[in-house]
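Each remark here refers to the structure printed beneath this line.
Bear in mind the structure is a predicted one, so any value in this text is a computation, not a measurement. Letters go in sequence order (proteins before strands), and every chain restarts at 1.
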2 protein chains.
Amino acid sequence: MQGNIKKTVPEPTLKRLPAYLHYLQKAREEGVLNISAPAISKVLNCDPTQVVKDISFTGAKGKPRLGYNTYELIHAIESFLGFHRTSEAFLVGAGNLGSALMSYQYLKSFGLKIVAAFDIDPEKIGQQKGKINVLHIDKLQDLAVRLKIQIGILTTPVEVAQEVADKMVKCGIKAIWNLTPLNLSLPEHIIIQNTSMYSNVVVLLKKLHDLEKHNNNP
Amino acid sequence: MQGNIKKTVPEPTLKRLPAYLHYLQKAREEGVLNISAPAISKVLNCDPTQVVKDISFTGAKGKPRLGYNTYELIHAIESFLGFHRTSEAFLVGAGNLGSALMSYQYLKSFGLKIVAAFDIDPEKIGQQKGKINVLHIDKLQDLAVRLKIQIGILTTPVEVAQEVADKMVKCGIKAIWNLTPLNLSLPEHIIIQNTSMYSNVVVLLKKLHDLEKHNNNP
DNA sequence: TAGATTGTTAATCGATTAACAATC
DNA sequence: TAGATTGTTAATCGATTAACAATC
């Protein structure tokens with residue numbers, strides 16, 4: 001299978017594609033039939049050649065001078081990113097952050113469906129958030145195995161994050177979206193996606209402070 | 001001022017330093033007086049030379065064989081990241097995500113203090129979340145100017161994100177932490193820190209799908 | 001002293017940007 | 001045809017990793 005060497009997609013590309021998609025969908029609604037990479041780059045304020053390169057990973061083909069067929073490009077990005085198939089996930093930790101994810105309707109359009117949430121707080125158990133039931137954590141193992149859940153979303157307090165993650169792995173969960181700031185220790189074969197919001201705070205404040213310093217010593 | 005050429009810190013370094021700090025603080029509590037880069041790297045599961053390099057940006061000095069003085073290193077990282085000074089911020093959008101940030105006590109330890117939140121929902125206005133008052137958006141401009149707020153946190157629905165961001169800029173806010181998936185169009189001099197959680201979902205699902213594909217064609 | 005670790009410089013790696021031929 | 005845009009290859013840039021001397 002010689003010609004079948006698929007280059008691994010750079011993660012930055014993977015993160016930019018949904019932004020293109022979002023704009024393309026808006027353009028489609030407005031009846032735009034063709035769209036060029038430079039046009040996208042202008043709206044999203046990024047480099048046009050980068051847009052071309054990113055798109056090339058999806059396999060979409062454009063025409064010089066004309067650009068890409070809007071409908072085809074949308075379809076190419078969606079199927080490349082796997083938006084057409086839906087993966088089911090369990091969420092543990094039905095606090096504010098967990099509730100935010102449960103209420104976030106667009107998750108489904110990315111191919112992620114939260115089918116149940118778990119907590120230990122008796123007040124939360126039995127509630128519904130965004131049409132998702134909150135169950136007692138004790139039911140996690142049994143349900144995860146039965147439903148063959150592969151994805152776990154971790155929105156617990158830091159203190160119990162490792163413990164819950166271990167539990168997820170025991171249930172056969174293969175990928176964990178970790179929204180706690182903790183660095184989880186898990187078996188090699190488990191996919192971990194860390195999303196720690198506070199590291200963004202650090203970057204933001206550093207930029208602001210550097211700006212101030214610069215303004216004082218022009 | 002020749003010798004004063006400060007190299008710009010790589011953003012990845014900036015994001016890793018808080019993780020080191022977290023572990024160091026735990027070590028300090030346990031009475032560990034000295035700690036080496038390889039020791040940190042083992043716990044956080046990363047490269048030891050990278051830890052050394054990251055630390056070097058903070059200006060902390062270690063001793064061969066011994067490592068770094070725990071207390072000094074903590075202090076160096078904290079002051080390098082600006083954790084000792086507190087910047088005040090306004091948050092707009094007191095929904096689940098906004099509430100999560102308001103209740104997240106550790107934000108203060110990173111040097112960010114949310115002093116007030118704003119919304120338009122009458123039910124939310126007047127409430128307190130994590131000791132922070134939720135006010136009507138109409139009060140934003142006046143208060144921001146009076147308190148000289150420099151940082152805005154954007155946790156509104158996507159639909160109004162641009163509008164609110166524009167309002168923030170008008171109030172003299174210099175930096176915006178954007179937690180909506182929208183690509184904001186703002187003046188050049190405004191610092192924007194985008195934190196779109198859903199792009200992480202895309203990466204996670206791609207990894208999972210690629211793994212499955214790989215398992216099917218071994 | 002011997003050996004582990006720091007700290008710096010060089011090599012590698014990967015992503016972004018530039019260059020340019022092909023083409024609609 | 002002329003000119004803008006695709007698509008690919010090469011050059012640049014920046015971050016990570018490796019190498020190694022200094023040193024406690």
Side-chain angles (χ1 to χ4, degrees), chain A residues 3 5-17 19-20 23-24 27 32-70 72-74 76-77 80 199 202-203 206-207 210, chain B residues 3 5-17 19-20 23-24 27 32-70 72-74 76-77 80 199 202-203 206-207 210:
Chain A
I5 306 152
K6 24 181 141 115
K7 282 174 213 147
T8 49
V9 199
E11 230 182 83
T13 296
L14 233 35
K15 291 188 173 180
R16 281 190 297 264
L17 283 171
Y20 304 161
Y23 172 61
L24 288 165
V32 179
L33 293 179
N34 288 290
I35 202 154
S36 72
I40 297 173
S41 78
K42 257 164 224 154
V43 177
L44 299 185
N45 200 29
C46 60
D47 193 76
T49 65
Q50 188 166 65
V51 176
V52 173
K53 191 140 213 184
D54 286 342
I55 288 175
S56 76
F57 282 101
T58 70
K61 296 288 170 203
K63 282 178 188 162
R65 186 88 223 254
L66 247 176
Y68 304 83
N69 174 285
T70 311
E72 278 173 26
L73 183 51
I74 288 175
I77 295 178
F80 178 73
S199 65
V202 175
V203 177
K206 190 74 188 167
K207 282 182 192 164
D210 286 353
Chain B
I5 307 150
K6 24 179 143 118
K7 282 172 212 147
T8 50
V9 199
E11 231 181 82
T13 295
L14 233 36
K15 290 187 174 178
R16 281 189 298 262
L17 283 172
Y20 304 162
Y23 172 61
L24 288 165
V32 180
L33 294 178
N34 288 289
I35 202 155
S36 71
I40 297 172
S41 78
K42 257 163 226 154
V43 178
L44 300 184
N45 200 30
C46 60
D47 192 77
T49 65
Q50 188 167 65
V51 177
V52 172
K53 189 141 214 184
D54 286 342
I55 288 175
S56 76
F57 282 101
T58 70
K61 295 290 169 200
K63 283 177 186 163
R65 186 88 224 254
L66 246 175
Y68 304 83
N69 175 284
T70 311
E72 277 173 27
L73 184 51
I74 288 174
I77 296 177
F80 178 73
S199 66
V202 175
V203 177
K206 191 74 189 167
K207 283 181 193 165
D210 286 353

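- A:K15 places none of its side-chain heavy atoms less than 4.5 Å from the side chain of B:V202.
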| field | Worked check of side-chain contact (heavy atoms from CB on, under 4.5 Å) between A:V52 and A:Y68 | value | CA-CA 10 Å; A:V52 173; A:Y68 304 83; 4.2 Å; yes
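- Between the P atom of C:dT5 and the CD1 atom of B:I40 lies a distance of 12 Å, rounded to the nearest Å.
- Using a 4.0 Å heavy-atom criterion, one finds that B:P38 contacts the sugar-phosphate atoms exclusively.
- Across A:V9 and A:L14, no two heavy atoms sit closer than the pair CG1-CD1, 4.1 Å.
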| request: Test side-chain contact (heavy atoms from CB on, under 4.5 Å) on B:L73 and B:L24 and set out the steps. | output: CA-CA 8 Å; B:L73 184 51; B:L24 288 165; 3.7 Å; yes
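- An OP1 or OP2 oxygen of D:dG7 is reached within less than 4.0 angstrom by a side-chain nitrogen or oxygen of A:Y68.
- A heavy-atom distance below 4.5 Å is found between the side chains of A:Y23 and A:I35.
- Mapping A:L66 and B:V52 onto DNA chain C by nearest heavy atom places B:V52 at the nucleotide closer to the 5' end.
- Backbone-only contact: A:S36 has heavy atoms under 4.0 Å from sugar-phosphate atoms and none from a base.
- Look at NZ on B:K42: it is 10 Å from C1' on C:dA4, rounded to the nearest Å.
- When side chains are defined from C-beta on, B:I55 does not count as touching B:F80, because their heavy atoms never get closer than 4.5 Å.
- If you measure from atom CG of B:L73 to atom P of C:dT6, you get 10 Å, rounded to the nearest angstrom.
- Atoms NZ (A:K15) and C1' (C:dA15) sit 14 Å apart, rounded to a whole Å.
- Straight-line distance from the CG atom of B:N34 to the P atom of C:dT6: 10 Å, rounded to whole Å.
- B:T70 places a side-chain N or O within 3.5 Å of a backbone atom of B:V32 that can act as its donor or acceptor partner.
- Atom CD1 in A:I55 sits roughly 13 Å away from atom P in D:dT5 (whole-Å rounding).
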| remark: With both pairing distances under 3.5 angstrom for Watson-Crick or G-U wobble, and | for a partner in another strand, the correct string for DNA chain C is ..||||||||||||||||||||||
| Going 5' to 3' along nucleotides 16-23 of chain C, which nucleotides have protein heavy atoms under 4.0 Å from the base (write B), which only from the sugar-phosphate (write S), and which from neither (write -)? | SB-----B
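- Rounded to the nearest 0.5 Å, atoms OG1 (A:T58) and CD (A:E72) are 11.0 Å apart.
- Judged as a salt bridge (Lys or Arg N to Asp or Glu O under 4.0 Å), the pairs with a partner in residues 36-55 of chain A (not counting sequence neighbours) are, in order, A:R16-A:D54.
- The side chain of A:K63 lies closest to C:dC24, out of C:dG7, C:dC24, D:dG7.
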